[in-house]
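All values below come from the heavy atoms of this structure, side chains included, with hydrogens, waters and symmetry mates left out.
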Amino acid sequence: MLHDSYFTLSFIARKSRALRNGEYPIFVRITVSGQVSEMNLGRGVAPENWDQKRAMSKGRSRRDLELNKYIEVVKARFLEIHNILVREGKMVNPKILRDHFLGTVEKPKMLCDVFRETNEKRKEELERGDIVKATYQRWVRCVDYLAEFFKLTQKVDDIPIKDVTSGIIDDFEHFLRMRKGCANNAAVRYVRCVKNVMQYALAHKWIDHDPFIGKKYQRTHTERQYLTETELKAVMELDLSDIPRLEVVRGKPRLG
């Protein structure tokens with residue numbers, strides 16, 4: 001279905017579904033290029049008052065006047081929804097229009113929200129001793145940097161994860177280096193955190209493309225210096241009881 005498809009609304013009083021009080025319930029029929037969907041408006045009308053040609057009640061009671069006003073509100077709301085979908089270049093069909101009217105459209109997954117979801121997993125890894133506190137803090141800082149980046153560049157706190165492009169990744173890397181003063185290795189670590197989140201989204205089918213395809217990030221090699229005897233002693237005496245994994249890696253000093 002083309003996103004700019006013309007749509008029509010028809011308001012119908014259903015005799016076959018007459019209410020206990022004798023009124024007919026009002027349905028709205030949404031038609032787009034031959035496709036049809038109907039929805040009960042939750043309003044009723046006395047059979048003798050319904051004017052099908054004009055799609056309104058000809059009664060003069062307060063209830064009839066309120067029904068006519070509500071029908072006009074429904075028309076205006078559907079037109080607003082249609083215009084928004086067309087403006088954003090999105091698909092238009094009867095179900096989509098109805099779901100937007102009812103507010104049952106599934107909200108898109110947002111990048112920072114998904115990032116914070118993965119950070120909960122990083123927190124569990126920290127508590128198990130699988131990662132160190134500095135690594136966890138880098139993940140937390142990264143999502144804060146993303147929110148700051150979106151506020152600066154797009155005037156929003158977050159964007160749908162499906163809208164993340166290769167260009168946005170490049171711009172974020174530039175932001176890290178220029179705005180946050182990150183050296184190469186720090187910038188690479190943050191960008192790799194984002195890549196990990198996008199892989200997580202791919203695995204859950206929240207996105208159907210990988211903006212990192214073709215991108216490679218190289219950390220700068222640094223020469224490691226040997227520890228002095230004093231530094232080695234400091235490492236051996238460091239209390240790592242809260243980080244079992246590092247306690248195992250360090251090992252116990254040999255006696256004798």
For [X] and [Y], work out which heavy atoms get closest and say how close.
| X | Y | value |
| --- | --- | --- |
| Leu176 | Ala187 | CD1-O, 3.9 Å |
| Leu85 | Met91 | CD1-O, 4.0 Å |
| Leu65 | Gly59 | CD2-O, 4.4 Å |
| Asn184 | Gln218 | ND2-O, 2.9 Å |
| Cys112 | Ala147 | SG-N, 4.0 Å |
| Ser37 | Arg98 | OG-NH1, 3.1 Å |

Listing request: all salt bridge (charged side-chain N to carboxylate O under 4.0 Å, His left out) pairs with a residue in [range], at least two apart in sequence or in separate chains.
| range | answer |
| --- | --- |
| residues 204-215 | Asp170-Lys215 |
| residues 187-201 | none |
| residues 145-160 | Glu148-Lys180, Lys151-Asp157 |

Atom [atom1] of [X] and atom [atom2] of [Y]: how far apart are they, to the nearest 0.5 Å?
| X | Y | atom1 | atom2 | value |
| --- | --- | --- | --- | --- |
| Asp130 | Lys121 | CG | NZ | 13.5 Å |
| Tyr136 | Ile131 | OH | CD1 | 8.5 Å |
| Gln199 | His204 | CD | NE2 | 12.5 Å |
| Phe149 | Asp171 | CZ | CG | 5.0 Å |
| Phe101 | Glu80 | CZ | CD | 11.0 Å |
| Tyr24 | Ser16 | OH | OG | 9.5 Å |

Below 3.5 Å, can you tabulate the donor-acceptor pairs from side chains in residues 38-45 to any protein atom, sequence neighbours excluded?
{"unit_1": "Glu38", "atom_1": "OE1", "unit_2": "Arg14", "atom_2": "NH2", "d": "2.6"}
{"unit_1": "Glu38", "atom_1": "OE2", "unit_2": "Arg14", "atom_2": "NH2", "d": "2.6"}
{"unit_1": "Glu38", "atom_1": "OE2", "unit_2": "Arg29", "atom_2": "NE", "d": "2.9"}
{"unit_1": "Glu38", "atom_1": "OE2", "unit_2": "Arg29", "atom_2": "NH2", "d": "3.1"}
{"unit_1": "Asn40", "atom_1": "OD1", "unit_2": "Gly42", "atom_2": "N", "d": "2.8"}

CZ (Arg77) with more than 12 external heavy atoms under 6.0 Å: yes
Please say whether more than 12 non-hydrogen atoms of neighbouring residues, nucleotides or ligands are located less than 6.0 Å from NE2 in His174. no
Residues two or more places apart in sequence or in another chain: which of them pass side-chain contact (heavy atoms from CB on, under 4.5 Å) with Pro160? Pro108, Met110, Lys162, Asp163
Run the side-chain contact (heavy atoms from CB on, under 4.5 Å) test against Gln52 and tell me which residues pass, sequence neighbours left out. Ile12, Trp50
Should [X] and [Y] count as side-chain neighbours, where that means a heavy-atom distance under 4.5 Å?
| X | Y | answer |
| --- | --- | --- |
| Asn196 | Phe212 | no |
| Phe150 | Leu111 | yes |
| Val32 | Ile96 | no |
| Ile161 | Phe115 | no |
| Phe11 | Lys75 | yes |
| Gln35 | Ser33 | no |

Please check if [X] and [Y] belong to a single hydrophobic cluster, counting links between Ile, Leu, Val, Met, Phe, Trp and Tyr side chain heavy atoms closer than 4.5 Å.
| X | Y | result |
| --- | --- | --- |
| Ile81 | Ile84 | no |
| Leu19 | Ile26 | no |
| Leu79 | Val73 | no |
| Leu97 | Val36 | no |
| Val140 | Val188 | no |

Could you check, using the six-membered ring where one of them is a Trp, whether His82 and Phe78 have ring centers closer than 6.0 angstrom? no
Ignoring hydrogens and geometry beyond distance, is a side-chain donor-acceptor pair present between Arg60 and Asn49 at under 3.5 Å? no
Is there a donor-acceptor contact under 3.5 Å linking the side chains of Arg141 and Tyr190? yes
Between [X] and [Y] (salt bridge meaning N to carboxylate O under 4.0 Å), is one present in this structure?
| X | Y | value |
| --- | --- | --- |
| Glu125 | Arg122 | yes |
| Glu72 | Lys69 | no |
| Arg116 | Asp113 | yes |

Show the numbers, then the answer: is there a side chain to side chain contact (heavy atoms under 4.5 Å, CB included) between Trp139 and Val197? CA-CA 10 Å; Trp139 280 81; Val197 172; 4.0 Å; yes
Ring geometry between Phe172 and Phe175 (parallel below 30°, tilted from 30 to 60°, perpendicular above 60°): parallel
